[in-house]
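Everything on this sheet refers to the single structure shown next.
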Amino acid sequence: MSYVITIDGPAGAGKSSTARRAAHELGIKYLDTGAIYRAIALILAEAEVKPDNDEYLREALSKIRVELREGKVLVNDFDVSGEIRTPEVDELASVYSALPVVREALLGLQQEQEKYGSIVAEGRDVGSVVFPDARVKFFLTASPEARARRRYAERTSKGEPADYSGILSAIIARDKYDSSREAAPLSVPEGAVYLDTSDMTEDEVLKFILDHVKAALSQ
Ligand code: DC
């Protein structure tokens, strides 16, 4: 019997690495819904489909085919996995993901992934909107400072330029926007296990998640 585990929360709370590692440990698939929003935002922006025209958006969305294959994101068969991880796409994804027409178009694609077996889904509304009946739901968060420290370390470890205070103010601004947007504002899904990871290592977070999931699956 397949099952869904959801992990929601703000950027930088450790969702991605936790979800990826948890899926690996459980021997199931990892669904990165943020990657789908990023890919769509990139393609819409490149095609100059402005976020303020629902009709054009709907038409453009009907022509875009997003696929998740072996950890890669493909748009109309074109691999955009690398291109979607830039600060520019952070901004674009935040804008386009706030649009109800975009969220509606991507709902089915996300839900469909359950057909192919058990998944750990990660995002902003996967426990509330996409998979409300998930077996176990988590909400991972961390203080803005802890999240900025992690982002800073991530960027510098890749040799990319990084400025801690700039990252921190971007995180605070993004949180405000993501929590107050009308479509699917960031919120704790009903029944989710809430975890503040500010003072936890990645291994500790992973252990916490796996312990909970294993206890729930054995019931
Ligand atoms: O998790 P991420 O940074 O890759 O997400 C990219 C953007 O997409 C971010 O602005 C939040 C948004 N998003 C969303 O609105 N709903 C999701 N389920 C996943 C991501």
Side-chain angles (χ1 to χ4, degrees), residues 4-23 29-45 51 57 61 64 66 68 71-73 75 80-114 119-132 134 137-142 144 146-148 150-152 154-155 158 160 167-189 192 197 205:
V4 178
I5 307 295
T6 60
I7 304 184
D8 285 300
K15 291 183 315 259
S16 301
S17 59
T18 306
R20 186 178 293 110
R21 290 176 68 193
K29 281 200 172 170
Y30 163 51
L31 174 62
D32 178 359
T33 63
I36 302 177
Y37 281 100
R38 284 171 179 274
I40 284 288
L42 174 70
I43 300 304
L44 290 172
L57 274 167
L61 285 162
I64 303 174
V66 181
L68 302 166
K72 295 203 163 67
V73 191
V75 178
V80 294
S81 315
E83 270 177 272
I84 60 172
R85 306 288 168 194
T86 64
E88 291 73 33
V89 180
D90 284 355
E91 290 302 323
L92 291 172
S94 179
V95 171
Y96 284 98
S97 68
L99 307 172
V101 51
V102 171
R103 306 201 72 85
E104 274 160 33
L106 297 183
L107 186 60
L109 170 70
Q110 296 172 76
Q111 291 174 332
E112 240 173 55
Q113 307 304 315
E114 197 183 353
I119 47 179
V120 177
E122 178 231 323
R124 301 294 190 288
D125 63 347
V126 285
S128 49
V129 177
V130 186
F131 300 110
K137 302 178 187 180
F138 296 94
F139 187 86
L140 256 54
T141 190
R147 287 152 51 206
R150 288 175 192 162
R151 249 310 121 87
Y152 178 82
E154 197 181 295
R155 296 234 168 106
K158 287 194 218 156
E160 290 171 7
I167 293 175
L168 178 60
S169 29
I171 284 180
I172 293 170
R174 180 78 48 79
D175 276 1
K176 203 167 157 216
Y177 180 70
D178 285 350
S179 318
S180 60
R181 68 185 186 186
E182 255 171 56
L186 180 66
S187 62
V188 184
T197 68
V205 178

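When a ligand or atom number is given, it counts from 1 through the structure's own listing order.
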Self-check item: Closest non-hydrogen atom pair, Ser128 against Pro189
Solution: N-CB, 3.9 Å
Practice problem: Before signing off on this row, confirm whether Arg181 and ligand 1 have an N or O atom pair separated by under 3.5 Å. | Solution: yes
Practice problem: Distance to 0.1 Å, residue and atom name: give those for the protein heavy atom nearest to atom 7 (C) of ligand 1. | Solution: Ala93 CB, 3.6 Å
Self-check item: Residue-ligand contact Glu91/ligand 1, heavy atom below 4.0 Å
Solution: no
Exercise. Considering only non-hydrogen protein atoms, determine which one is nearest to atom 1 (O) of ligand 1 and report residue, atom name and distance to 0.1 Å.
Key: Arg124 NH1, 3.0 Å
Exercise. Examine ligand 1 and decide if any of its atoms is less than 4.0 Å from a heavy atom belonging to Arg103.
Key: yes
Practice problem: Verify the distance criterion only: is there a donor paired with an acceptor across the side chains of Arg38 and Ser94 at less than 3.5 Å? | Solution: no
Self-check item: Donor on one side chain, acceptor on other, Ser16 and Glu122, under 3.5 Å
Solution: yes
Quiz item: Nearest protein heavy atom to atom 10 (O) of ligand 1, by residue and atom, and its distance?
Solution: Ser94 CA, 3.3 Å
Quiz prompt | Shortest protein contact, atom 12 (C) of ligand 1 (heavy atom only) | solution = Ser97 OG, 3.4 Å
Quiz item: If hydrogens are left out, which of Leu31, Ile84, Thr33, Leu107 has an atom nearest to atom 18 (N) of ligand 1, that is, the closest non-hydrogen atom?
Solution: Thr33
Exercise. Search all heavy atoms of Ala142 against all heavy atoms of Thr197 and return the closest pair with its distance.
Key: CB-OG1, 3.6 Å
Practice problem: Check ligand 1 against Gly123 and write out every atom of the ligand that is under 4.0 Å from a heavy-atom position of the residue. | Solution: 18 (N), 19 (C)
Quiz prompt | Leu140 side chain near Asp8 side chain, heavy-atom distance below 4.5 Å | solution = no
Quiz item: Taking all non-hydrogen atoms of both residues, which atom of Tyr30 and which atom of Ala23 are closest, and how far apart?
Solution: CB-CB, 3.8 Å
Practice problem: Could you tell me which non-hydrogen atom of Ala35 sits nearest to which non-hydrogen atom of Val73, and how far apart they are? | Solution: CB-CG2, 3.7 Å
Quiz item: So is there a nitrogen or oxygen of Gln110 less than 3.5 Å from a nitrogen or oxygen in ligand 1?
Solution: no
Quiz item: Is there any N or O on Tyr37 that sits under 3.5 Å from an N or O of ligand 1?
Solution: no
Quiz item: Among protein heavy atoms, which lies nearest atom 20 (C) of ligand 1, and at what distance?
Solution: Gly34 CA, 3.6 Å
Quiz item: When you look for heavy atoms under 4.0 Å from ligand 1, do you find them on the side chain of Arg38, its backbone, both, or neither?
Solution: side chain
Quiz item: Is there a side-chain contact between Asp90 and Thr86 (heavy atoms, below 4.5 Å)?
Solution: no
Self-check item: Closest approach of Gly9 to Arg124 (non-hydrogen atoms, all atoms of both residues)
Solution: O-CD, 3.3 Å
